[in-house]
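Everything numeric here is computed off the predicted structure, so don't read it as measured data.
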Amino acid sequence: MSLSVALQVAQSALAARQTETSTVSRNIAGAQDAGYSRKSVLLSTVISESGQTSGLQVEGIGRVTDDALYASLLQSTAVGTSQEAILEGLEVLAETIGDTELEMSPSALLGDLKTALQNAAADPNDTILAQDLLSTASDLVTSLNESSEAVQDVRADADADIADSVDSINELLGQLEDLNTIIVRGNQSGNDITDALDSRDQVLLALSEEIGITTLTRTDGDVVVYTDGGVTLFETTAREVSFEPTNTFFATTTGNSVYVDGVPVAGVDAIMPTTSGRLYGLTELRDEIAPTYQSQLDEIARGLIESFAEADQSGGAGSDQAGLFTWSGAPAVPATSTLSSGLAADIQINANADPDQGGNLDLLRDGGISDPLDPDYDYNPTDLAGYTGRYQDFLDALDEPRVFDAGVELDPTDTLTGFASSSVGWLESNRQSATSDLEVQSVIVSRTAESLANTTGVNIDEEMTLLLDIERAYAAAAKLISAVDNMLDDLLASAS
């Protein structure tokens with residue numbers, strides 16, 4: 001069962017509470033002893049001054065509740081919606097990997113690049129093979145650019161959904177305030193408030209979908225609501241929940257926090273963070289999961305620039321310069337072992353090696369891509385047609401262990417191809433884990449809702465049994481009255 005279906009079951013369980021009738025007081029007392037009060041009309045027999053029965057009167061109205069089950073339902077609902085929000089984002093991020101048969105992910109294209117290098121090294125003077133190498137490199141750059149854009153789109157969508165969630169929370173808190181007022185006044189005046197209590201429970205359940213909550217019921221039926229992080233969300237009046245959306249996201253953008261009554265409860269600045277609910281899942285996706293994947297893409301881009309960088313061949317102390325793969329900070333190479341945020345969106349093919357941009361394809365073989373006019377970075381100064389040294393340098397660099405930033409949740413010491421493969425595994429592992437967790441949580445929500453419905457809702461089988469008991473009692477009474485009537489008829493007949 002999906003989480004959405006499970007939540008529908010939960011809402012139905014609360015909405016299905018109907019007034020039940022019972023004429024047996026001990027049944028009511030037994031229900032209270034079991035830990036809840038049955039929502040029922042308690043009837044008692046009216047006895048006249050002469051000692052004769054003359055009808056029934058309503059003694060009071062109770063209501064079926066199970067605080068433990070209801071609290072469990074609120075908690076499991078909040079956990080489930082947070083996992084659902086995370087999974088939806090991971091599903092979008094997984095599209096950057098794509099169909100493995102299409103091989104359009106950065107990891108797959110990195111393998112294609114290695115193959116193209118091997119082919120070019122086998123015949124360094126073949127223009128077609130060199131062009132194929134350039135095209136493969138360009139595809140890899142495009143994949144990194146588009147993957148980075150997809151990550152930021154996920155973050156932007158999550159940010160917009162956070163704004164929608166905050167709006168829903170404020171609306172639900174407004175409804176809660178109105179219902180709470182009705183309940184408190186009804187308790188004080190002795191009016192029937194069971195319908196308002198049912199409605200309040202449904203509002204609280206809907207609220208738990210957006211943010212994890214705990215509740216406390218005080219005298220007169222007044223309820224206090226806290227976030228699962230301990231911040232007061234409602235006490236007599238609704239607290240203001242505020243959030244300022246961010247329109248455009250880049251790798252360096254930090255999303256704004258969500259505040260409850262001025263206290264940050266979700267986001268990187270949260271001091272009393274919520275730990276469940278859709279709001280938590282969306283902020284976790286925006287601020288943790290997507291940025292981590294972005295950092296992995298940035299490290300792949302940095303590894304490419306570093307692997308294809310050109311060194312000073314003159315024996316001087318010239319700094320390494322960006323070669324085939326370049327960026328906005330060229331000709332410098334990004335700092336080694338250090339994350340450069342947004343590099344996956346910034347990486348590009350050096351125009352000096354691209355004939356379509358006025359470049360020279362032979363520079364792939366000879367070097368000097370960083371600056372064709374600087375002989376210090378020319379690896380093949382005699383222009384040997386069969387020179388393979390530069391291609392071999394590229395292949396060795398791809399298989400050479402290098403140090404990556406330690407904060408991207410992958411092995412910081414790996415080859416570039418191994419690191420890219422690990423990134424794919426990290427994303428797929430998180431997606432599969434989120435899928436499994438959501439499936440389990442959906443079952444928990446469903447079972448809890450069903451248990452609550454069985455405890456608090458109208459049991460048709462039980463009601464039919466009671467109806468049959470009444471029918472049998474009526475039939476027995478009718479037979480007794482009929483027998484007495486026949487006896488009286490016989491007595492009158494004999495007397496006459």
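The backbone N or O of Ser370 lies less than 3.5 Å from a partner atom in the side chain of Glu310, making a donor-acceptor pair. The backbone N or O of Ser135 lies less than 3.5 Å from no partner atom in the side chain of Ser138, so there is not a single donor-acceptor pair. The backbone N or O of Ser276 sits less than 3.5 Å from a side-chain atom of Thr274, completing a donor-acceptor pair. Within the 3.5 Å criterion, the main-chain N or O of Thr275 finds a donor-acceptor partner in the side chain of Asp228. Looking only at distances, a side-chain donor or acceptor of Asn170 sits under 3.5 Å from a matching main-chain atom of Val166.
Counted within 6.0 Å of CD on Glu240, heavy atoms from surrounding residues, nucleotides or ligands total 12 or fewer; the atom is thus considered open. Sparse packing is recorded around CD of Gln75, with 12 or fewer heavy atoms of other residues, nucleotides or ligands lying under 6.0 Å away. Around atom CD of Glu177, more than 12 heavy atoms belonging to other residues, nucleotides or ligands sit under 6.0 Å away. Taking a 6.0 Å sphere around CD1 of Ile128, one finds it holds 12 or fewer heavy atoms contributed by other residues, nucleotides or ligands.
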Salt bridge (Lys or Arg N to Asp or Glu O under 4.0 Å) assessment of Glu235 paired with Arg218 = CA-CA 10 Å; Glu235 184 177 12; Arg218 301 189 297 196; 2.9 Å; yes
Please report the C-alpha distance between Tyr70 and Thr215 in whole Å, then the side-chain angles of each, then the deciding distance to 0.1 Å, and finally whether the side-chain hydrogen bond (donor to acceptor under 3.5 Å, both in side chains) criterion is met.
-> CA-CA 10 Å; Tyr70 183 64; Thr215 63; over 6 Å; no
Kindly determine whether Asn360 and Asn352 satisfy side-chain hydrogen bond (donor to acceptor under 3.5 Å, both in side chains), including the steps that lead there.
-> CA-CA 6 Å; Asn360 182 2; Asn352 292 333; over 6 Å; no
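Considering only heavy atoms from C-beta on, Ile305 comes within 4.5 Å of Pro334 through its side chain. Contact check for Leu427 versus Arg431: no side-chain heavy atoms found under the 4.5 Å cut-off. Side-chain atoms of Thr96 and Ser105, non-hydrogen and from C-beta on, never get closer than 4.5 Å to each other. Within the 4.5 Å cutoff, side-chain heavy atoms of Ser446 are placed close to those of Glu450. Between Ile211 and Ile213 there is a side-chain heavy-atom pair separated by less than 4.5 Å. By the 4.5 Å heavy-atom criterion applied to side chains, Leu233 and Val241 are counted as neighbours. Here the side chains of Thr326 and Gln348 are in contact, with some heavy-atom distance below 4.5 Å. Using a 4.5 Å cut-off on side-chain heavy atoms (C-beta onward), Phe308 and Leu113 make contact.
The two residues Pro245 and Asn256 have their closest heavy-atom pair at O-ND2, 4.2 Å.
Screening Val445, Thr81, Val443 for a side chain to side chain contact (heavy atoms under 4.5 Å, CB included) involving Ser76 leaves a single residue, Val445. Checked options Thr136, Asp399, Thr417; the residue passing with Lys114 is Asp399 (criterion: side chain to side chain donor-acceptor pair (under 3.5 Å)). The side chain to side chain contact (heavy atoms under 4.5 Å, CB included) test with Leu117 is passed by exactly one of Asp393, Leu364, Leu398: Leu398. With Val141 as the partner, the side chain to side chain contact (heavy atoms under 4.5 Å, CB included) test is satisfied by one option alone out of Asp139, Asn145, Leu144: Asn145. Across Arg402, Glu400, Arg302, a single residue satisfies side chain to side chain donor-acceptor pair (under 3.5 Å) together with Ser307, and that is Arg402.
For the atom pair CG of Asp164 and CG of Asp159, the computed distance is 10.0 Å after rounding to the nearest 0.5 Å. Atom CG of Asp320 is separated from atom OH of Tyr377 by 7.0 Å, given to the nearest 0.5 angstrom. Put simply, CD on Glu299 and OG on Ser340 are 8.5 Å apart, with the number rounded to the nearest 0.5 Å. To the nearest 0.5 angstrom, Asp414 atom CG is 11.5 Å from Ser423 atom OG. Rounded to the nearest 0.5 angstrom, Gln294 CD and Leu343 CG are separated by 9.5 Å. Rounding to the nearest 0.5 angstrom, the gap separating the CD atom in Glu146 from the CG atom in Asp153 is 11.0 Å.
Residues Gln392 and Asp396 bring a donor and an acceptor atom of their side chains to less than 3.5 Å of each other. With 3.5 Å as the limit, one finds no donor-acceptor pair spanning the side chains of Glu209 and Thr77.
Under a cutoff of 6.0 Å and an axis angle of 45°, Arg390 and Tyr379 form a cation-pi pair.
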